[in-house]
Amino acid sequence: MTKIIDKSNLSDAALCLKNGGTVVFPTETVYGLGADALKEESVDKIYAAKGRPSDNPLIIHIADKEDIKNIALEITDDAQKLIDAFWPGPLTMIFKKRPEINNKVTANLNTVAVRCPVNEIARELIRQSGVYVAAPSANLSGSPSPTTLKHVVDDLDGRVDYIIDGTGCEIGIESTVLDVSGDEFKILRPGKITFDDIKKVTERIKNDYIDIKNVKTAQCPGMKYTHYSPKAKVIVVEGDIDKTKSYIQEKLDSKKDTTGVIAYKNSNFENSDFTVCFSDMNEYAAMLYETLRIFDEKNVKTIYAQFKEESGIGVAVKNRIYKSAGYDVINL
Ligand code: AMP
Ligand code: MG
């Protein structure tokens, strides 16, 4: 049975992690489903609870950034500069792994993903458990990541030992994943920490993330799987605000089933069953998964997501809605 607790009972959950169990906890990005990263049987429980393919590696969460030296084989000066600049925070870095890091957590890669979250509940839990915590997003594999307790309970009640009710998840989308294991640093997944943020710290990053439609050879192991998808069909309508607005309005005028619109800025739509407006990219990121889940609850069958090319965190929002839509994108 899953126990739902609040932060006043962290010691029970920490003991559970130490003893090989699974605990869902809030972070500043999304909720994470944690287990002892160095115990294969514990890591297996994460894959089982999520129904996640075992060739999609996990991120190891640490409470103290000094612990990175026990996980990474080598930390270059530039990687250290990034650690100093962004940890604790929503930046995951990929390092060559030390031999004692098991293959389950890295899905047989010789690299390992590590992050030090800033959320105090997450850090205190990890600290008290005394273990490094492997933690993917706490959703069933393929669904939108959870940003509220309700999302976690809907997906994982009965499948994990503890769920910690916590505020947080203010960013709303997963961490930036940056590969620092090679000569040139590469963004594998865009997030709140942007290319420009990283570039200010090190010149070893050359290019921003580019979404490639129908990526055949995944550079990042998780890339080949369906991600962030609600039950409803999502269609991204991207381009000039007026053009995308008229396109969506035409579709609404001839719609046959329950239809939702994610509108960028204050666009008014007629005949939409549900419309959610975001005024900027931070808000779009923070509310995207929640909106997709609410639309599913309302039995929405088709979602039009209006989008305009943006830089900064907009690169990450684009990445997530493209994936939610299975790359079904209308460019206007
Ligand atoms: P999630 O924890 O669900 O947000 O997913 C973690 C993501 O981090 C995975 O889907 C991978 O894309 C990425 N990742 C984890 N470990 C590695 C690694 N060693 N090399 C490249 N990407 C990784
Ligand atoms: Mg995930």
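Both counts, for ligands and for their atoms, begin at 1 and track the order of listing. A quick note: this is a predicted structure, and the numbers were derived from the prediction, not measured.
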Peer 1: Looking only at heavy atoms, is any part of Leu188 under 4.0 Å from ligand 1, and if so is it the side chain, the backbone, or both, or is it neither?
Peer 2: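 The answer is the side chain.
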Peer 1: Decide, yes or no, whether a salt bridge links Lys255 with Asp273 under the criterion of side-chain N to carboxylate O below 4.0 Å.
Peer 2: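 Here Lys255 pairs with Asp273 in a salt bridge, since their nearest N and O are under 4.0 Å apart.
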Peer 1: Working note: Arg115 + Ile62, criterion side-chain contact (heavy atoms from CB on, under 4.5 Å); need CA distance, chi angles, decisive distance, verdict.
Peer 2: CA-CA 6 Å; Arg115 157 164 129 82; Ile62 56 179; over 6 Å; no
Peer 1: For Arg293, is there an ion pair with Glu290 - N to carboxylate O distance below 4.0 angstrom?
Peer 2: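 Result for this pair is no, no salt bridge flagged.
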Peer 1: Are Asp155 and Asn139 linked by a side-chain donor-acceptor pair shorter than 3.5 Å?
Peer 2: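 No - no donor-acceptor pair under 3.5 Å links their side chains.
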Peer 1: For ligand 1, does Lys96 get within less than 4.0 Å through its side chain, its backbone, both, or neither, judged by non-hydrogen atoms?
Peer 2: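 Contact part for Lys96 vs ligand 1: neither.
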Peer 1: Only heavy atoms count here, so choose which of His61, Arg52, Glu174 is nearest to atom 3 (O) of ligand 1.
Peer 2: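 That would be Arg52.
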Peer 1: For Ile303, run the side-chain contact (heavy atoms from CB on, under 4.5 Å) check against Val261, Leu292, Ile235 and tell me which one passes.
Peer 2: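 Among Val261, Leu292, Ile235, the one meeting side-chain contact (heavy atoms from CB on, under 4.5 Å) with Ile303 is Leu292.
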Peer 1: Using heavy-atom distances only, which candidate in Ala107, Ala138, Ser181, Pro136 approaches atom 2 (O) of ligand 1 most closely?
Peer 2: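 Considering heavy atoms of Ala107, Ala138, Ser181, Pro136, the nearest to atom 2 (O) of ligand 1 sits in Pro136.
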Peer 1: Does Ser137 bring an N, O or S atom to under 2.8 Å of the Mg ion (ligand 2)?
Peer 2: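 So Ser137 counts as coordinating the Mg ion (ligand 2), yes.
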Peer 1: Tell me which part of Asn56 gets within contact of ligand 1: side chain, backbone, both or neither, using heavy atoms under 4.0 Å.
Peer 2: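 Side chain only.
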Peer 1: Is the positively charged end of Lys3 above the ring of Tyr162, judged by distance under 6.0 angstrom from the centroid and angle within 45° of the axis?
Peer 2: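 Judged by the rule, Lys3 and Tyr162 form a cation-pi pair.
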Peer 1: Between the side chains of Asn299 and Lys301, is a donor N or O closer than 3.5 angstrom to an acceptor N or O?
Peer 2: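 Judged by distance alone, the side chains do pair up.
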Peer 1: Got an N/O contact under 3.5 Å between Thr106 and ligand 1?
Peer 2: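 Checking ligand 1 against Thr106, no N or O pair falls under 3.5 Å apart.
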Peer 1: I'd like to check which ligand 1 atoms, numbered from 1 as shown, lie under 4.0 Å from a non-hydrogen atom of Ala113.
Peer 2: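 Listed by number with element: 15 (C), 16 (N), 17 (C).
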Peer 1: Just which atoms of ligand 1 are under 4.0 Å from any heavy atom in Leu109?
Peer 2: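 So the atoms of ligand 1 that pass are 18 (C), 19 (N), 20 (N).
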Peer 1: Out of Thr92, Thr111, Asn139, Ile94, who is nearest to atom 17 (C) of ligand 1 when you count heavy atoms only?
Peer 2: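 Residue with the shortest heavy-atom distance to the ligand atom: Ile94.
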